[in-house]
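Chain letters run A, B, ... following the sequence lines, proteins first, then strands; residues in each count from 1.
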Amino acid sequence: MLIPTLRKVGAEAEMASHRLMLRAGMIRQLAAGVYTYLPLAHRTLYKVEQVVREEMNRIGAQEILMPALNPSELWRETGRWDTYGPELITLQDRHERDFLLGPTHEEVITDLLRNEVNSYKRLPMSLYQIQTKYRDERRPRSGLLRGREFLMKDAYTFHADRETLDQAYQGMYHAYERIFTRLGLDFRAVEADSGAIGGTENHEFMVLADSGEDTLTLCDSCDYAANIETARVGGHEGEKSRPVAEEISTVEKVSTPKASTIEQVTKMLDISPHRLMKSLLFDVDGEPVLVLVRGDHEANEVKVKHALDADQCELADEAVVQRVTGAPSGFAGPVGLKEKVRIIADHAVRDLFDAVTGANEADAHLLHVTPERDFQVDHFADVRTVQEGDPCPHCGGTLRFSRGIEVGHVFKLGTKYSEAMQATFLDREGKEQPLIMGCYGIGISRLAAAIIEQHHDDNGITWPLTAAPFAVHLIAVNMKDENQARLAEQLYGQLVQNGLEVLFDDRQERAGVKFKDSDLIGIPLRITVGSKAAEEVVEYKIRRSGESGHLSAQELSNQLPELLKQVDG
RNA sequence: CGGGGUGUGGCUCAGCUUGGUAGAGCGCCUCGUUCGGGACGAGGAGGCCGCAGGUUCAAAUCCUGUCACCCCGACCA
């Protein structure tokens, strides 16, 4: 079997899963974010796929396989040919017709259903596929964790009403819980932003790992869990009492040369950041909007977008800042703007008074600024990014941060795609209605890498049995020893006949090499045929716990089931 | 897309500053010794020094361009 293990890999591979998959001879890179899966990786991917298949089938989803090569027409119907952006890998055929390699399959499946399902009697329907996806990531990295070509399970459900969509969503949610539990993962389902796919309710499934790219917000006293990009801040209902306006000094301009950052202003004026009002100009669907947050808080684009029910939201560029505030960025404020713009303030700003803001003038700030007295806020909303220690929005407990790897995402899509593509059905009254949809993804190849992130030690991978490429690693210490070779061959045949997946190391290598490779590859149970072969005695060792002992060869088949129950301990 | 870095036998890297016959370790092949945690000795195979121009008597080395890959950031179901 082709398992080209390596003693060392280049310094560029930094993630444990990336280094170990290279070293264990599982993967080889062909181009940035594109890998060949060698036999061990292929077997693990197959294992992961099978767990996913079983749980999908269990909830009544039907497996199909759609083309990776998609004509552009469908994607023009939904507008995503233009809006999906440079992540879309596009190409032309010999007739110069536009095609793309599918990064996801809402268009294709919606096209299928609009042609084939026209009656409420056929609904609800649940379909899924396991297939290679293509996304031209800005920066592929970390081996299989973020590739440009990767394996994904995507499922889609279609409904005549919201109730069955809710049921399907719950069904998928629980299926995902079973899948990740069976794969031995410590994970959390978190509230998330739906991003470019769109839709309403959605959850991400995160594998907890310090190396993860996402930050999760978890409550320490209830089960609230959210991605930081959307996590809500609790406890902003009660307004603090503050002095009546008359007791606060009137606004005063002070010179703050070159102090354009919070840090510089606090230093120059000798005040703490929470006395500052940070003013950020956003470009929201083409309209400038001033967003106010407290100086020690960060504005959150996703929340701003949602607060204004907008499609696009990004920080305004320098030219817009100059036009609206009359000053370079760093000196914006809500008082004395050159243009009338909407002002959105975070709830924490409600409690600010006698605060410091930019003066809308280069090298100047204003003191004693107080909301409602000195300027009007159009809308108070939760628009800041959660900080560790903030109150939980559900129970008032304390929010803590944790890192995670996103391995699954479930969405209620609604009718976004069915309306765009006129995918309709006839209801009981014979009325035409758009199909109601849900979509549900799992990154299969990423999941394999995430399992390694959570299951490895200094010597290599420590696979959970459900994802391991083999269940048993049989090692003949010295193949030149007749007793050892004979006994090992015999046991191999016997174990395989018993239906066990066995990797047999019959190489003419020294024992040390075999043991090192064995630890690296990480198969849960090792059976060593060595010096006691003449007495028909072999040794077992559980990879993860290191527990080992001797067994008689005759007893092996009987005792293996019991041993295999202990390997994940 | 911005910043930084690297391209030299299969792998990890040195050599480049200061141009002058392409190196080491690991791996691979042969023989011998060894044989339970990455053995030892002897012999051997293997490289258009990423690619294209330029400078020079002479370029892995200097210059220009280009491509690829990696890291940080931004972005991203």
Side-chain angles (χ1 to χ4, degrees), chain A residues 2 4-15 18-19 22-23 25 28-35 80 83-88 102-106 133-143 145-148 150 152-156 192-199 202-206 213-214 227 229-230 301-302 312-315 405-411 413 416 439-443 446 458-460 475-481 484-485 505 507-521 526 528-533 537-539 541 546 548 550:
Chain A
L2 181 60
T5 55
L6 298 171
R7 210 171 288 200
K8 52 174 61 176
V9 291
E12 70 273 7
E14 292 189 331
M15 286 281 210
H18 190 195
R19 296 184 71 82
L22 287 169
R23 285 192 55 208
R28 286 296 182 263
Q29 182 172 351
L30 182 65
V34 181
Y35 292 84
R80 287 209 292 182
T83 59
Y84 207 91
E87 265 194 39
L88 210 53
T104 173
H105 280 73
E106 284 80 8
K133 302 286 191 204
Y134 297 86
R135 290 184 194 170
D136 197 357
E137 295 281 346
R138 292 264 174 88
R139 185 150 94 81
R141 66 184 112 175
S142 310
L145 283 172
R146 181 170 292 268
R148 291 193 295 176
F150 56 97
M152 176 163 154
K153 185 281 310 185
D154 47 325
Y156 306 88
D193 180 47
S194 58
I197 284 194
N202 75 99
H203 287 88
E204 289 172 334
F205 285 80
M206 295 282 189
E213 290 182 315
D214 291 290
N227 192 311
E229 66 189 10
T230 187
E301 284 183 23
V302 172
Q312 296 283 325
C313 173
E314 56 184 6
L315 268 178
I405 300 165
E406 182 191 355
V407 292
H409 205 155
V410 292
F411 293 85
L413 283 180
K416 175 175 170 168
C439 84
Y440 320 86
I442 290 180
R446 175 183 283 186
D458 291 345
N459 296 315
I475 292 181
V477 169
N478 184 353
M479 281 303 286
K480 286 182 187 157
D481 179 299
Q484 293 187 26
D505 189 347
R507 294 176 300 169
Q508 306 242 345
E509 290 285 355
R510 296 167 63 83
V513 174
K514 295 190 176 192
F515 291 143
K516 288 288 185 190
D517 277 350
S518 172
D519 287 344
L520 180 58
I521 291 167
R526 178 202 296 171
T528 305
V529 178
S531 51
K532 292 192 168 62
V537 169
V538 300
E539 184 183 340
K541 185 172 187 186
S548 63
H550 292 279

With sequence neighbours left out, write down each residue that passes side chain to side chain contact (heavy atoms under 4.5 Å, CB included) with A485(A), or none if nothing qualifies. M479(A)
What is the per-nucleotide protein-contact pattern of nucleotides 2-16 of chain B, from the 5' end, where B denotes a base atom under 4.0 Å from a protein heavy atom, S denotes such proximity for sugar-phosphate atoms only, and - denotes neither? ---------SSS---
Rounded to whole Å, the CZ-P distance (R146(A) to rA77(B)) equals 10 Å
What is the nucleic acid contact for K133(A), judged by heavy atoms within less than 4.0 Å: base, sugar-phosphate only, or nothing? nothing
Measuring from the side chain of R148(A) (C-beta onward, heavy atoms only), which nucleotide among rC69(B), rG37(B), rC75(B) has the closest atom? rC69(B)
Results of side chain to side chain contact (heavy atoms under 4.5 Å, CB included) for R28(A) - residues two or more places apart only: P4(A), L6(A), L22(A), L38(A)
Partners of R7(A) by salt bridge (charged side-chain N to carboxylate O under 4.0 Å, His left out), sequence neighbours excluded? none
Out of rG38(B), rA74(B), rA39(B), whichever nucleotide has its closest atom nearest the side chain of R510(A): rA39(B)
Who passes side chain to side chain contact (heavy atoms under 4.5 Å, CB included) against E213(A), sequence neighbours left out? R141(A), R146(A)
Check this one for me: any side-chain N or O of Q29(A) less than 4.0 Å away from OP1 or OP2 of rC70(B)? yes
Please state whether the base of rG36(B) and the side chain of E539(A) form at least one donor-acceptor pair under 3.5 Å? yes
Is a donor-acceptor pair below 3.5 Å formed from side chain D517(A) to base rG38(B), judging by atom type as modelled? yes
What nucleotide among rC70(B), rC75(B), rA77(B) has an atom nearest to a side-chain atom of R138(A)? rC75(B)
Set of residues satisfying salt bridge (charged side-chain N to carboxylate O under 4.0 Å, His left out) with respect to R510(A), sequence neighbours excluded: none
Given rC71(B), rG37(B), rC35(B), identify the nucleotide with an atom nearest to the side chain of K541(A). rG37(B)
